[in-house]
Colleague: 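Here you go, one structure.
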Amino acid sequence: MTRPTPKAVYRRLADRNTVRVAVTGLRRCGKTVFTTSFVHNLMSAGQWPDLLPFLKVAARGDLIAAEAFPLPGMPAFPFDDSLAAITGARHDWPAATDQLCGLRLAVRYRSRRPLARLRGTRVLNIDLIDYPGEWLLDLPLLAKEFAAWSAETLALTASGPRTAFFAEWRAFLDGLDPAAPSDAGVMKRAATLYAAALRKAGAPEAGLTLNQPARILRPGTLAPDDALLALSPLRVSTEAPAPGSLFAAMAARYDAYRERVVAPFYRDHFCYFDAQIVLVDLLGALKAGQAAFDDMRAAIAAILQSFDYSRSGVRAWLDGALTERVLFAATKADHVSSNQHPNLRRLLEEVVAREANRIRFRGVETRAVALSSVRCTDDVLGEVQGQTLSMVRGLPAGRSSETALFPGEIPAHFPGPQDWREGRFRFLDFQPAHVSGARGLPHIGLDEAMQELVGTRLR
Ligand SMILES: Nc1nc2c(ncn2[C@@H]2O[C@H](COP(=O)(O)OP(=O)(O)OP(=O)(O)O)[C@@H](O)[C@H]2O)c(=O)[nH]1
Ligand SMILES: [Mg+2]
């Protein structure tokens, strides 16, 4: 695994009043909305502590104020624009993130620690970064050589909904000898076909998430035609690739991509953090159907294996690997009524069970919660075919008036064949209709998430 730079270690030693919170999750899972609500609610809780009853420092009246600052050397997280989108007259959401950005939230509070009380108030810096969710899918590539990645991708694209998207690319590979001398034209054609297929798989209507390499879909600061992105897996032969072969040339390009794009992203942002929240849009995956749900599970498992939770002790602290807790959160819980939240949490626990077990084995605490960073609906009771049911009422996306609906029940366990029936999950996306932002943002469970992530540092 990539090691932290001396600069990173120095920064960690110098910044003992800083916690790095890794906000992780696949695309559209709610990272930007979470970050916006996290910041705005902490900025508001000094005045209105009732906003965050489960955040102990706020509940005991010791949170004084919070202010956001830029993180040196990084584009600023568009906090004002995101908040304006959520609280504005258009009842809209922030745009999808297309580049790396971040902020430091400085929280001033009264400490209850015996010695700290004498020194008056203290400040804890909470560093948060945001990035396109697709990029996380690059992290598993760090531990995978070109041959292994090629073999896995060929297997992945040979079944399920990917078969149709990748058919033309696979047919092209069938006529290709990877041991032939490398040829720029052939490599370009393979890369073009692979990129086109990947775009189809990554389109929102396909709902597939395990799409690698990520920068083909979200180049960020790379030009879309950057030579580093002209990548394609190739068929793997049992013999070692000869120098100068097509296979060797593509493998070299893959290594350059990992070294120049993926490794710095990992080293600078995920090599060390104190706490991690893994946001999972379970409701979106259930609605998108079994193939999308299974793909999301595979993508989450692949990502979580990329983080290094294994080191401990003083040396680990110096290396910056003192992750204390990992919180799994099923986002957009306001799409269903409150009586469904226990099942939502239980289902999440099952979905991440193996990864959570692996993380706990390394001495890191884990928990799962149902979360809505910005609550857009109310619970109401309604009649459906003579039955009284719990429903949600809000402004569905694309509609001009509010509606109440029964979105279906969340299974407490892995969905079985009967659950994948057409129309079983009727969750709608809701817009933030009555959210003014004047006194924080309404939420479900955000304060519990905050307590879990940074609460012990605000004592
Ligand atoms: N109702 C509701 N919708 C939410 C909430 N959080 C996120 N959403 C929805 O999910 C969408 C994606 O949220 P983002 O925060 O932009 O997701 P992201 O993880 O930053 O996505 P990328 O930038 O593409 O990686 C939003 O546009 C909303 O439609 C929430 O708390 N409640
Ligand atoms: Mg985003």
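For this chain, numbers begin at 1 and follow the sequence in order. Because the structure is predicted, anything quoted here is derived from the model rather than measured.
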Colleague: Hey, are Glu452 and Arg367 close enough for a salt bridge, meaning a charged N less than 4.0 Å from a carboxylate O?
Modeller: yes

Colleague: In Å, rounded to the nearest 0.5 Å, how long is the span from OG1 of Thr153 to CG of Leu231?
Modeller: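 That separation rounds to 10.5 Å.
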
Colleague: Mark yes or no for whether Lys287, through its side chain, and Leu282, through its backbone, hold a donor-acceptor pair below 3.5 Å.
Modeller: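 Checking the backbone N and O of Leu282 against the side chain of Lys287, no donor-acceptor pair under 3.5 Å is found.
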
Colleague: Quick one: does Arg362's side chain have a donor or acceptor within less than 3.5 Å of a partner on Arg358's backbone?
Modeller: yes

Colleague: Which pair of non-hydrogen atoms, one from Pro78 and one from Cys101, has the smallest distance, and what is that distance?
Modeller: CD-SG, 3.8 Å

Colleague: Using 0.5 Å steps for rounding, measure from the CD1 atom of Ile129 to the CE atom of Met74.
Modeller: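 Rounded to the nearest 0.5 Å, the CD1-CE separation comes out at 5.5 Å.
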
Colleague: How long is the span from the CG atom in Leu141 to the OG atom in Ser306, to the nearest 0.5 Å?
Modeller: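 If I round to the nearest 0.5 Å, the distance is 8.5 Å.
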
Colleague: Looking only at non-hydrogen atoms, find the nearest pair between Ala179 and Ser245 and report the distance.
Modeller: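 Minimum heavy-atom contact is O-CB, 3.6 Å.
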
Colleague: Can you tell if the side chain of Trp93 reaches within under 4.5 Å of the side chain of Asp429, non-hydrogen atoms only?
Modeller: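 Of all side-chain heavy-atom pairs linking Asp429 with Trp93, none is under 4.5 Å.
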
Colleague: Below 4.0 angstrom, N of the basic side chain to O of the carboxylate: do Asp138 and Arg258 qualify?
Modeller: no

Colleague: Could you give me the CA-CA distance, side-chain angles and deciding distance for Leu279 and Thr24, then say whether side-chain contact (heavy atoms from CB on, under 4.5 Å) is met?
Modeller: CA-CA 6 Å; Leu279 302 172; Thr24 54; over 6 Å; no

Colleague: Does any N or O in the side chain of Gln431 come within less than 3.5 Å of the main-chain N or O of Pro396, such that one atom is a donor and the other an acceptor?
Modeller: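 Such a contact is absent between Gln431 side chain and Pro396 backbone.
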
Colleague: When the ring planes of Phe166 and Trp169 are compared, do they come out parallel, tilted or perpendicular, using 30° and 60° as the limits?
Modeller: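 Perpendicular, since the angle between the ring planes exceeds 60°.
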
Colleague: Is the side chain of Asp274 donor-acceptor paired with the backbone N or O of Arg20 at a distance under 3.5 Å, no angle test?
Modeller: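 Present.
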
Colleague: Heavy atoms, side chains only, cut-off 4.5 Å: are Asp334 and Val392 in contact?
Modeller: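 Counting from C-beta outward, Asp334 and Val392 never come under 4.5 Å.
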
Colleague: Is there a donor-acceptor contact under 3.5 Å from the side chain of Ser373 to the main chain of Thr331?
Modeller: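 Here the side-chain-to-backbone pair does not exist.
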
Colleague: Would you check if Pro415 and Leu286 make a side-chain contact, meaning some heavy-atom pair closer than 4.5 Å?
Modeller: yes

Colleague: Would Lys332 pass as a cation-pi partner of Phe430, given that its NZ or CZ must be under 6.0 Å from the six-membered ring centre and within 45 degrees of the axis?
Modeller: no

Colleague: Check step by step if side-chain contact (heavy atoms from CB on, under 4.5 Å) holds for Leu344 and Leu283.
Modeller: CA-CA 8 Å; Leu344 187 59; Leu283 296 173; 3.8 Å; yes

Colleague: Determine, using ring centers only, whether Phe270 and Tyr266 are less than 6.0 Å apart.
Modeller: no

Colleague: Give the intermediate values and the outcome of salt bridge (Lys or Arg N to Asp or Glu O under 4.0 Å) for residues Arg424 and Asp419.
Modeller: CA-CA 6 Å; Arg424 162 82 167 79; Asp419 292 308; 3.1 Å; yes

Colleague: Please find the pair of heavy atoms, one from Ala66 and one from Met43, that lie closest to each other, and give the distance.
Modeller: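 Looking at all heavy atoms of both residues, the shortest contact is O-CG, 3.5 Å.
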
Colleague: Leu441 and Ser37: which non-hydrogen atoms are nearest, and at how many Å?
Modeller: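 In this case the closest contact between Leu441 and Ser37 is CD1-CA, 3.7 Å.
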
Colleague: So how far is it from Leu405 CG to Leu428 CG, rounded to the nearest 0.5 Å?
Modeller: 5.0 Å

Colleague: If you take all heavy atoms of Ala68 and Leu103, which pair is closest and at what distance?
Modeller: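 Nearest pair, atom of Ala68 first, then Leu103: CB-CD2, 4.3 Å.
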
Colleague: Do Met296 and Val280 have side chains that approach each other closer than 4.5 Å (heavy atoms only, starting at C-beta)?
Modeller: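 The answer is yes, as the side chains (C-beta and beyond) meet within the 4.5 Å cut-off.
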
Colleague: Decide side-chain contact (heavy atoms from CB on, under 4.5 Å) for Leu193 and Ser232; before the verdict, give the C-alpha distance in whole Å, the side-chain angles of both, and the deciding distance to 0.1 Å.
Modeller: CA-CA 8 Å; Leu193 288 173; Ser232 163; over 6 Å; no

Colleague: Between Leu208 and Arg162, is there a side-chain heavy-atom distance shorter than 4.5 Å?
Modeller: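 When only atoms from C-beta onward are counted, Leu208 and Arg162 do touch, with a gap below 4.5 Å.
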
Colleague: Using atom types as modelled and distance alone, determine if a side-chain donor or acceptor of His335 lies under 3.5 Å from a backbone N or O of Phe427.
Modeller: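 It does not hold such a pair.
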
Colleague: Is it the case that atom CD in Gln418 sees more than 12 heavy atoms from other parts of the structure closer than 6.0 Å?
Modeller: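 Yes, the 6.0 Å shell around CD holds more than 12 heavy atoms from other groups.
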
Colleague: Taking the side chain from Glu134 and the backbone from Ala214, do they hold a donor-acceptor pair closer than 3.5 Å?
Modeller: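 Side chain of Glu134 to backbone of Ala214, a donor-acceptor pair under 3.5 Å: no, none is there.
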
Colleague: To the nearest 0.5 angstrom, please state how far the CG atom of Leu42 sits from the CG atom of Leu55.
Modeller: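 Spacing of CG (Leu42) from CG (Leu55) equals 6.5 Å.
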
Colleague: Any side-chain donor paired with an acceptor under 3.5 Å for Arg170 and Thr157?
Modeller: yes

Colleague: In terms of heavy-atom contacts, does CD of Glu168 have more than 12 from other residues, nucleotides or ligands at under 6.0 Å?
Modeller: no

Colleague: Under 4.0 Å between a Lys/Arg side-chain N and an Asp/Glu carboxylate O for Asp177 and Arg235?
Modeller: no

Colleague: Pick out which of Val369, Val351, Val352 makes a side chain to side chain contact (heavy atoms under 4.5 Å, CB included) with Phe328.
Modeller: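 The residue from Val369, Val351, Val352 that satisfies side chain to side chain contact (heavy atoms under 4.5 Å, CB included) with Phe328 turns out to be Val352.
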
Colleague: List the steps, then state whether ring pair (Phe, Tyr, Trp, His ring centres under 6.0 Å) holds for Phe172 with Tyr194.
Modeller: CA-CA 10 Å; Phe172 182 74; Tyr194 183 69; over 10 Å; no

Colleague: Looking at Trp135, is Arg218 sitting on its ring face, NZ or CZ under 6.0 Å from the six-membered ring centre and within 45 degrees of the normal?
Modeller: no

Colleague: A quick test of your reading: do over 12 heavy atoms of other residues, nucleotides or ligands sit less than 6.0 Å from CZ of Arg393?
Modeller: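 No, the 6.0 Å shell around CZ holds no more than 12 heavy atoms from other groups.
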
Colleague: Which pair of heavy atoms, one from Ala147 and one from Val236, lies closest together, and at what distance?
Modeller: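 That would be O-CG2, 3.5 Å.
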
Colleague: Is any side-chain heavy atom of Asn343 closer than 4.5 Å to a side-chain heavy atom of Glu409?
Modeller: no

Colleague: Between Asn211 and Ile216, does the side-chain contact (heavy atoms from CB on, under 4.5 Å) criterion hold? Intermediate values first, please.
Modeller: CA-CA 9 Å; Asn211 305 314; Ile216 290 181; over 6 Å; no

Colleague: I'd like to know if the side chain of Thr97 reaches the main chain of Gln99, judged simply by a donor and an acceptor atom lying under 3.5 Å from each other, with no hydrogens or angles considered.
Modeller: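 Here the side-chain-to-backbone pair does not exist.
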
Colleague: Judged by atom type as modelled, is there a donor-acceptor pair below 3.5 Å linking the side chain of His443 to the main-chain atoms of Leu51?
Modeller: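 Indeed, once roles are kept as given, a pair shorter than 3.5 Å links the two residues.
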
Colleague: Atom CZ in Arg375, atom CG in Leu446: separation rounded to 0.5 Å?
Modeller: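 If I round to the nearest 0.5 Å, the distance is 13.0 Å.
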
Colleague: Counting only heavy atoms from other residues, nucleotides and ligands, does the tally under 6.0 Å from CZ of Arg426 exceed 12?
Modeller: yes

Colleague: Is any side-chain N of the basic residue among Arg346 and Glu350 closer than 4.0 Å to the acidic one's carboxylate O?
Modeller: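 Looking at Arg346 and Glu350, the cut-off is not met.
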
Colleague: With a 4.5 Å cut-off on side-chain heavy atoms, are Arg253 and Leu229 touching?
Modeller: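 No, their side chains stay 4.5 Å or more apart.
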
Colleague: Going by the ring-ring contact (aromatic ring centres under 6.0 Å, His included) test, which pairs reach into residues 207-256, not counting sequence neighbours?
Modeller: Phe146-Phe247, Phe146-Tyr254, Trp149-Tyr254

Colleague: Is the closest side-chain heavy-atom distance between Met450 and Asn41 below 4.5 Å?
Modeller: yes

Colleague: Carefully, step by step, assess Phe425 and Phe293 under the rule ring pair (Phe, Tyr, Trp, His ring centres under 6.0 Å).
Modeller: CA-CA 12 Å; Phe425 304 116; Phe293 186 83; 8.6 Å; no

Colleague: Does Lys31 form a salt bridge (Lys or Arg N to Asp or Glu O under 4.0 Å) with Asp130? I'd like the steps, not just the answer.
Modeller: CA-CA 7 Å; Lys31 297 181 294 298; Asp130 197 19; 5.4 Å; no

